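First comes the structure, then the notes that go with it.
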Amino acid sequence: MRILVSGGAGYIGSHTTLQLIAAGHDAVIVDDFSRSKHSVVPRLEALAGRPIEVHEVDTTVRPATDGLLADGAFEAVVHFAGLKAVGESVEQPLAYYANNLGSTLSLLEAMRRHDVRTIVFSSSATVYGENAPVPMKEDFPTSATNPYGWTKVMQEQIFRDAAVADPSLRVALLRYFNPVGAHASGTIGEDPSGIPNNLMPLIAQVAVGRRDKVLIYGDDYPTPDGTGRRDYLHVEDLAAGHVAALAHLATTDTSVSTWNLGTGRPTSVREMVDAFSRACGHAVPFEVAPRRPGDIAESYADPSRAESELGWRAERTVDEMCADTWRWQSQNPDGYPED
Ligand code: WQD
């Protein structure tokens with residue numbers, strides 16, 4: 001199928017674009033490059049072995065987005081474009097609501113006008129809020145504790161309401177747990193701008209010498225070693241989940257489907273630091289610091305619905321996640337070259 005990948009130059013978007021092409025799809029990237037670099041495109045093309053069509057468009061801008069779908073002959077959309085930093089969303093809530101809700105509304109409007117009926121959406125386990133039991137199941141209630149999380153809860157509702165109005169829509173809401181890792185080539189990977197919010201890129205930047213130590217936010221959680229536990233999954237497994245969801249949407253008569261994409265196996269912060277030390281061959285320095293406000297002790301998936309309905313299962317281990325992250329970071333100590 002000819003597929004529009006919004007945010008396709010980003011971390012998960014780029015890995016998914018590659019797997020869509022490998023699966024035989026004609027994947028087209030649209031990205032405003034506000035949080036990604038143009039230098040990822042030639043690397044993707046080298047890995048894909050063919051040119052990749054790219055449109056530099058802000059999908060919150062309706063005329064430009066409509067024009068893209070009017071001319072594009074797309075059969076589906078995979079929607080990654082969005083702001084995703086929890087802390088930043090607290091400081092800039094209006095920008096998060098405008099950007100994240102705006103791009104979804106703009107894409108859905110253009111899809112309606114141009115008869116594109118299939119969309120895979122990048123949701124997040126953050127929609128389970130702060131009191132959910134583990135393992136998390138798709139039928140749990142949703143809530144949030146920060147504007148970023150609320151944009152994901154609200155976008156899911158927008159998709160559900162759009163599908164009530166137009167039952168011919170086929171929507172996959174994919175709730176990511178904690179994506180980490182990089183393509184095995186080491187030529188594409190996660191390249192957050194500024195100080196990373198997330199654990200894995202921060203560990204990687206310490207390991208490569210860009211930062212001096214990892215601060216472990218709290219070791220007094222009710223977990224086996226006292227540090228927070230999360231369900232880390234390899235970005236390549238995550239990308240494969242999108243390919244599987246897209247295939248399922250082509251055959252289902254359900255208008256909106258929700259799937260957790262996680263391994264179902266929690267890993268603690270301390271265990272991740274130790275695993276990364278094994279992968280990079282030297283001890284990653286760390287220090288225990290106070291808890292980060294808003295953090296929960298544990299988050300991990302019940303992935304059984306994706307396994308039974310999509311035939312999808314995360315295969316890669318934490319050691320592989322660390323080894324692939326290290327290959328990317330050590331080959332690209334400063335991330336992608338500036339544009
Ligand atoms: C993981 C663990 C921290 C950094 C967030 C968003 C979620 C998704 C993934 C977008 C926690 C600990 C972290 C550090 C640490 N983002 N930590 N020192 O908070 O589970 O999820 O990112 O979709 O929506 O909520 O991920 O990587 O920030 O933290 O000790 O320097 O690592 O306390 O236990 P999180 P994270």
Side-chain angles (χ1 to χ4, degrees), residues 7 10-13 16 35 79-90 96 99-100 121-130 132 134 136 142-156 173-181 190 192 194-207 210-235 238 241 260-263 266-276 284-301 318 321-322 325:
Y11 170 45
I12 302 167
T16 303
R35 299 293 171 97
H79 181 30
F80 295 102
L83 300 173
K84 55 150 280 187
V86 169
E88 185 182 53
S89 78
V90 175
Y96 269 67
N99 186 291
N100 292 4
F121 175 62
S122 165
S123 190
S124 167
T126 205
V127 303
Y128 290 117
E130 60 179 358
V134 284
M136 288 139 170
T142 58
S143 67
T145 56
N146 57 77
Y148 159 73
W150 280 119
T151 69
K152 292 297 187 183
V153 172
M154 292 175 185
Q155 289 177 90
E156 289 197 356
L173 304 177
L174 301 184
R175 292 176 177 169
Y176 307 165
F177 278 73
N178 288 64
V180 295
E190 187 172 11
I195 300 175
N197 296 289
N198 295 135
L199 179 67
M200 185 64 107
L202 195 118
I203 291 177
Q205 289 186 13
V206 170
R210 270 175 73 177
R211 299 185 190 284
D212 61 359
K213 61 177 174 287
V214 175
L215 294 182
I216 295 184
Y217 295 146
D219 66 351
D220 57 352
Y221 283 103
T223 61
D225 67 13
T227 64
R229 297 210 294 176
R230 294 293 184 274
D231 184 339
Y232 299 95
L233 78 156
H234 198 292
V235 66
L238 183 60
N260 285 337
L261 295 186
T263 66
T267 300
S268 76
V269 180
R270 185 60 207 268
E271 287 168 336
M272 191 58 89
V273 172
D274 292 346
F276 208 93
V284 174
F286 67 88
E287 194 177 288
V288 177
R291 290 184 179 191
R292 179 171 64 178
D295 274 356
I296 58 178
E298 294 195 295
S299 163
Y300 55 93
V318 167
M321 296 173 206
C322 292
T325 302

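Predicted, not measured: the structure shown is a model, and the values here were computed from it. Just so you know, ligand 1 is whichever comes first in the structure, and atom 1 is the first atom listed for that ligand.
Across the listed options Asn146, Asn198, Ile203, Thr267, Asn198 owns the non-hydrogen atom lying nearest to atom 5 (C) of ligand 1.
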Verdict with reasoning, Glu156 to Arg175, per salt bridge (charged side-chain N to carboxylate O under 4.0 Å, His left out)
CA-CA 10 Å; Glu156 289 197 356; Arg175 292 176 177 169; 2.7 Å; yes
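Neither the backbone nor the side chain of Val214 comes within contact range of ligand 1; no heavy atom lies under 4.0 Å. Heavy atoms from both the backbone and the side chain of Leu199 come within less than 4.0 Å of ligand 1. At a heavy-atom cutoff of 4.0 Å, ligand 1 is contacted by the side chain of Val269 but not by its backbone. By the criterion of a heavy-atom distance under 4.0 Å, neither the backbone nor the side chain of Thr227 is placed next to ligand 1.
Side-chain atoms of Tyr96 do not come within 3.5 Å of backbone N or O of Val86 as any donor-acceptor pair. Not a single donor-acceptor pair under 3.5 Å links the side chain of Asn197 to the backbone N or O of Gly87. Although no hydrogens or angles enter the test, the distance criterion places no donor-acceptor pair under 3.5 Å between the side chain of Thr151 and the main chain of Asn100. For Asp225 (side chain) and Thr227 (main-chain N/O), a donor-acceptor pair under 3.5 Å exists by modelled atom type.
Closest protein heavy atom to atom 21 (O) of ligand 1: Asn178 ND2, 3.8 Å. Taking atom 6 (C) of ligand 1 as the reference point, the nearest protein heavy-atom neighbour is Val86 CG2, 3.9 Å. When only non-hydrogen protein atoms are considered, atom 20 (O) of ligand 1 lies nearest to Arg230 NE, 2.6 Å. Ranking protein heavy atoms by distance to atom 7 (C) of ligand 1, first place goes to Ser124 OG, 4.0 Å. Among protein heavy atoms, atom 18 (N) of ligand 1 sits closest to Leu215 O, 2.8 Å. In this structure, the protein non-hydrogen atom closest to atom 17 (N) of ligand 1 is Tyr217 CD1, 3.7 Å. Among all protein heavy atoms, the one lying closest to atom 1 (C) of ligand 1 is Tyr232 OH, 3.5 Å.
Distance check: Trp150 CH2 to Thr126 OG1 gives 10.5 Å after rounding to the nearest 0.5 Å.
Within the 4.5 Å cutoff, side-chain heavy atoms of Ile12 are placed close to those of Pro179.
Using a 4.0 angstrom heavy-atom cutoff, Phe286 does not count as in contact with ligand 1. For Ser299, the closest heavy-atom approach to ligand 1 does not fall below 4.0 Å. Taking 4.0 Å as the cut-off, Tyr148 counts as a neighbour of ligand 1 on heavy-atom distance.
For the pair Arg229 and Tyr221, the cation-pi criterion (under 6.0 Å, within 45° of the ring axis) is not fulfilled.
Checked against Ser122 for a side chain to side chain contact (heavy atoms under 4.5 Å, CB included), the options Gln155, Lys84, Lys152 give a single hit: Lys152.
Listed by number with element, the atoms of ligand 1 under 4.0 angstrom from any heavy atom of Gly228 are 34 (O). Listed by number with element, the atoms of ligand 1 under 4.0 angstrom from any heavy atom of Asp295 are 3 (C), 33 (O). Against a heavy-atom cut-off of under 4.0 Å, Arg292 is close to the following atoms of ligand 1: 3 (C), 19 (O), 28 (O), 29 (O), 36 (P). The distance from ligand 1 to the heavy atoms of Ile216 drops below 4.0 Å at these ligand atoms: 30 (O).
Side chain to side chain, Asp231 and Thr263 meet the donor-acceptor criterion of an N or O pair below 3.5 Å. Residues Glu88 and Tyr148 bring no donor and acceptor atom of their side chains to less than 3.5 Å of each other.
The residues Asp220 and Arg291 are annotated as salt-bridged, a charged nitrogen and a carboxylate oxygen being separated by less than 4.0 angstrom.
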